[in-house]
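Notes for the one structure printed next.
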Amino acid sequence: FQAEDGIRDKQICLVGSEMCIRDRDGHLRYAEKLGLAIPNSAFVDCEQAVTEFAGQANFPLLVKPRHQRFWTAAPGHPMHARKALVANDASELLEQYRLACEFSHQAIIQELIEAPDTDKRVHVAIYRGDGDRVAHLTLRELRCTHLGLPTVCEPVDDPAITKVCDRFLRAAGYLGTCELELIWDSTDNTPKVLDINPRFSGSGDAVHYAGIDQAWLVYLDLIGHPVDTVTPKTLDFRHVMLANDAVAIRQYWQKGRLTWKNLRASYRRPVHFWDLDRRNWRLSLATITVSLRALATTLLGRRRHRPQNR
């Protein structure tokens, strides 16, 4: 994707034609500066800062790395490959921050917006070289992993989300494709941004099934070919990341948050899979293996906790 040379910020830099967002705190503060609402959060680098923020914030709180790669370097560590940890009180928050310090003293603490999964949105947009929007699609999340990764979503008509995302991306002078993750905060009825992904993404794959060829449109614009505006052909389908959803289903089931009725509804046709393709048997075999293993674990867990008749 491309970006204008005039967009400069302490946390935002341009390398060639790429806008490199160095860390979460940087891009969220940049988004806030351009008018996007964000959850109450703080960048911390010492225990005193953690304690001060905890004194004025509402629990539960999230502890996040400045970038997820900071927590991926130590398999077996409680924070390995996780996007965030949840703290329910001040002592738990300090304990988790001390764990994070094993990687870096710099972290983000953020109020957790408690809302149903269906209040979460993923907005994908494409802007061509002259700054005009070529295409966009908003998705409603139906299920996610404990890491917050959407596993099942469907298109939704949400004009308010479209408006705030378009206003932000135009203000940033953004060119190319971008995905924004947001959540509706019922306390003030405001959509708040959770993450910004200036790249192709797993959830963004869903736009293809709405009749928007994301990669092709970006490619045409990059080579200077005229690109016309594209509108979604349908909003009636489910997009599933099957391997991750198998894990999410197990987690939901264990917490009593999923029924057979809800599960069937999330897979109602038309349904498309991100990681199941008859033309790619290696990918499909790996997906099926992971999914069956997770399903078996779920069923065995149900049998183990089933009350015994006496």
Okay, side chain of D275, backbone of L242: is any donor-acceptor separation there less than 3.5 Å?
yes
Kindly say whether A125 contributes a backbone atom to a donor-acceptor pair with the side chain of R133 at under 3.5 angstrom?
no
Are R121 and I183 side-chain neighbours, meaning at least one heavy-atom pair lies under 4.5 Å?
no
CG (L263) and CG (D245) are apart, to the nearest 0.5 Å, by 7.5 Å
Salt-bridge criterion met for D117 and R143 (N-O under 4.0 Å):
no
Considering only heavy atoms from C-beta outward, does the side chain of E179 approach that of S203 to under 4.5 Å?
yes
Go through the structure and list residues passing side chain to side chain contact (heavy atoms under 4.5 Å, CB included) with A286, not counting sequence neighbours.
none
Give a yes or no on whether a salt bridge exists between K192 and E32, defined as a side-chain N under 4.0 angstrom from a carboxylate O.
no
Hey, is the main chain of D277 close enough, under 3.5 Å, to the side chain of S284 for a donor-acceptor pair?
yes
Does a side-chain heavy-atom distance below 4.5 Å link I249 with L258?
yes
If you measure from OH on Y252 to OG1 on T259, what distance do you get to the nearest 0.5 Å?
12.5 Å
Non-hydrogen side-chain atoms of Y97 and H105 separated by less than 4.5 Å
yes
Taking atom types as modelled and ignoring hydrogens, do the side chains of N244 and W274 form a donor-acceptor contact shorter than 3.5 angstrom?
no
Pairwise side-chain contact, E111 with L61, heavy-atom cut-off 4.5 Å (strictly under):
yes
Output a table of donor-acceptor pairs, distance under 3.5 Å, between side-chain atoms of residues 89-96 and any protein atom two or more places apart or on a different chain; print 'none' if there are none.
{"unit_1": "D89", "atom_1": "OD1", "unit_2": "S91", "atom_2": "N", "d": "3.3"}
{"unit_1": "D89", "atom_1": "OD1", "unit_2": "S91", "atom_2": "OG", "d": "2.8"}
{"unit_1": "D89", "atom_1": "OD1", "unit_2": "E92", "atom_2": "N", "d": "2.8"}
{"unit_1": "E92", "atom_1": "OE1", "unit_2": "N88", "atom_2": "N", "d": "2.9"}
{"unit_1": "Q96", "atom_1": "NE2", "unit_2": "V86", "atom_2": "O", "d": "2.8"}

Under 3.5 Å, side chain of N197 to main-chain N/O of R199, donor-acceptor pair present?
no
Any side-chain heavy-atom pair from P155 and T138 closer than 4.5 angstrom?
no
Has T187 got a side-chain atom pairing as donor or acceptor with D185's backbone, closer than 3.5 angstrom?
no
For residues Y174 and I196, determine if any side-chain heavy atom of one lies less than 4.5 Å from a side-chain heavy atom of the other.
no
Contact between V152 and H239 at the side-chain level, heavy atoms closer than 4.5 Å - yes or no?
no
CD1 (I108) and CZ (F53) are apart, to the nearest 0.5 Å, by 11.0 Å
Let me confirm one number: the OG-CG distance from S41 to L62, rounded to the nearest 0.5 Å.
10.0 Å
